Amino acid sequence: MIQNAIVMARMSLRMQELQPAPPQMQNVPVIHDPNPILGYGPNRPIQRIELLLAIYLDGSLHEPRRVDHVRGAPGVQDGRSPGERGHQLARAAGVVQVDVGYQDVVHVLRGQALEGQRGEQQRHRARRARVDESGATPVYDQVGGVHHGADILGIDRRYSVCKVGNCGAWLHPILLIGHHDSAVWQRTSEPRTGTNPTLRRRRADCDIAPEQPMTRHPEIVMLLGDQLSDTNPALAAADPSRDRILMVETRAEARHVPSHKQRIAMFLAGMRHRAERLREAGWTVDYLDLDQGCPSLADGLRDAIDRHRPHRVLVAEPGEWRVEQALKAACGDRDVELRILDDPHFYLKRSEFASWASTRKTLVMEHFYRAMRKRFDVFMNGTKPVGDRWNFDAENRGSFGREGPVHLTPARRFEPDAVTLKVLEDVERHFPDHPGTLDSFAWPVTAEQARHALEDFVDNRLPRFGEFQDAMWTGEPFLAHSLLSAALNLKLLDPRACVEAAEQAWSEDRAPLAAVEGFIRQILGWREFIRGVYWLLMPDYARRNSLKANRPLPSFFWNADTGMRCMAEAIGQTLEHGYAHHIQRLMITGNFALLAGIDPAEVCAWYLAIYVDAVEWVELPNTLGMALHADDAVVGTKPYAASANYIRRMSNYCDGCRYRSDRRTGEGACPFNFLYWDFLARHRDVFGRNRRMTFPMRNLDRMDDEEMARIRAQAADFLDNL
Ligand SMILES: Cc1cc2nc3c(=O)[nH]c(=O)nc-3n(C[C@H](O)[C@H](O)[C@H](O)COP(=O)(O)OP(=O)(O)OC[C@H]3O[C@@H](n4cnc5c(N)ncnc54)[C@H](O)[C@@H]3O)c2cc1C
Ligand code: SF4
């Protein structure tokens, strides 16, 4: 909840393309505080409305609150220091802390609950000791602390304010990160507007502090291709007048898996458009394009460090473990600090998922999803889910029937503009031998286009999304799907915007409950769950192969040249558009790779290469865990294995296929049939112990020996000739 509020607040801050707007209170999102908390200082005519981070006695965090401060300080009236008085009031209201010093912010952001009153007292003693030792007020220390807190929160430093000395500097319009140092106040016992030289100096220092951040060297903001959001915390922590952005196109990123041309184009078009907008907003952007031949992201960063000698490098959490390591190594080589900032794009921080996971024996998505609905108050009716059910999956498994998909509105296309056309030309020139074609490229590549894509989906396809979520049809690659994954993963679109738009469509009776719940489940549930699993278990996760599959990936995955109609359709549209919907990925190509025992590393590399939306944090657990059941049953408690029955029921693929979906063995038998039974037999030991596999394993046991022998022989023959 707190992240949500901070993100919302931050978004409103960044609305003007990162230009620091004057901190007008009307920009502040109104969060009504039923229990105003009082704080701050003797004779201090605080009339402004400030936001405080409230940290409650039970250790839980609540959203930043809007708090009305009263005129005059409550503290002086009863002879207590304002700090003590503030804390007394806070405690009475069930709050440990009213003002948030940077240490507290650090604690909070590290996911540690404050230790309560005792810890607070210790911190006060520590501050006091610092003051006493130096004999002077450590203004810079404090200003630095305030900035430090802002950095950690990913807020532009100039919005953070040092309130020491009642300097009248800007109030942070989002979150007050300030110190009151009750020790100093008691020592001077002077009104803060008085003539005390210490206070005067502090006041002067504070006045300039927001304009002159502590660091004297510029910083480099590394902006990766999947970090294109306005709320990128690295941008928020930097200063356009001093710091520079580094964006790097490299052939290595497109080649470390042989990326589909549309995937490369999607990233580069997103990056080039974003760079334009950032320049318009006053940023200095060092943009290395393909023609400059930068070998890798790390090389680009090392080179930039050598040229600009930055104080440190800021980056939002990368979407891939490999990239994070490469950036760490580059900064390590040059002995420059790398600050990796939590990405507020996601509902949950990595550490929050980890602490949820630490309380679980197994990670069940359904449990996670319900907890997320409650925590973020999404599609809830008080404490109950809207519609009184958490899950409408049963209503979301429809197929089209013989008439096929009728009355579906095609998705909006975004025709390439001049920037994108140049990208397409560059991609064709640099990567002529890569899979896929660029002819149909029409993905949203800017935040504005992504918003239109969301509107288009909600208005035209969401109403039928649920019902036909799992259905497939020849020549129909998109059906009622949202096609938003690439825009989401490049952070052109905020997941909250998707969830809220769907909720609103339901509340206005424009989309049925099951469709809306189904869509929210994918974004708030699956997407966040998958990301949590990735960061929880990397890097070992990528090496898992619990079913010991080791067959090479068949070549038809790269050219769709196969007689299996379902595979040819799913792969063919993938090559044409860089897109297949979830059930095609899971129950056609994924299912085939699972049944055929293809080496997970090769399958994962294919999925990472071939889809426009592929970023490893989302691709890997979906492929390794969900599709291949190779991750020791973390993502799924049973394999998504199916015979031709399922494919026939959910599509019309079998109609024109050269194989017979109703034959298990013999001439023309569908490979999905004999491979399915062969797969169960191969892994009898593992699945025999799995309660969720009782039904298929019983059917396997009922099969007579001769039929089983035919199945095994035909499967072996087929696999040998793949
Ligand atoms: C083997 C395999 C590999 C996959 N690889 C990727 C990948 O590289 N990138 C990717 O974004 N998705 C991946 N997915 C998940 C899912 O297939 C795609 O998100 C979805 O097909 C994208 O199309 P859409 O935007 O039209 O989604 P819709 O069907 O309209 O769903 C709405 C949104 O929900 C989210 N979503 C749905 N299912 C999942 C899921 N299982 N995990 C995470 N988010 C989900 C996506 O953001 C998607 O845009 C993979 C699934 C499988 C089985
Ligand atoms: S018959 Fe088998 S191979 Fe052919 S489309 Fe159906 S499931 Fe696929």
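Predicted, not measured: the structure shown is a model, and the values here were computed from it. Both ligands and their constituent atoms are indexed starting at 1 by order of listing. This chain uses plain numbering: 1 for the first residue, then up along the sequence.
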Under a 4.0 Å threshold between the charged nitrogen and the carboxylate oxygen, would Arg370 count as salt-bridged to Glu366? yes
Lys/Arg-Asp/Glu bridge criterion (N-O < 4.0 Å) met for Arg350, Asp342: no
List the protein residues in contact with ligand 1, where contact means a heavy-atom separation under 4.0 angstrom. Phe465, His481, Ser482, Leu483, Leu484, Ser485, Leu488, Asn489, Phe519, Gln522, Ile523, Trp526, Arg527, Ile530, Tyr579, Ala580, His581, His582, Arg585, Leu586, Tyr607, Asp613, Ala614, Val618, Glu619, Asn622, Thr623, Met626, Ala627
Sorted by chain and number, sequence neighbours left out, side-chain contact (heavy atoms from CB on, under 4.5 Å) with Asn559 holds for Phe556, Asp561
Would you say the ring centers of Phe346 and Trp535 fall short of 6.0 Å from each other? no
Lys/Arg-Asp/Glu bridge criterion (N-O < 4.0 Å) met for Asp717, Arg712: no
Would you please indicate if the ring centroids of Phe457 and Phe519 are separated by under 6.0 Å? yes
Under 3.5 Å side-chain donor-acceptor pair for Tyr579 and Ser485: no
What residues form a side-chain contact (heavy atoms from CB on, under 4.5 Å) with Asp470, not counting sequence neighbours? Arg397, Ile583, Tyr646, Met650
Residue-atom pairs from the protein, N, O or S only, that lie under 2.8 Å from atom 4 (Fe) of ligand 2: Cys657 SG
Salt bridge or not for Asp343 and Arg531, using N-O below 4.0 Å? no
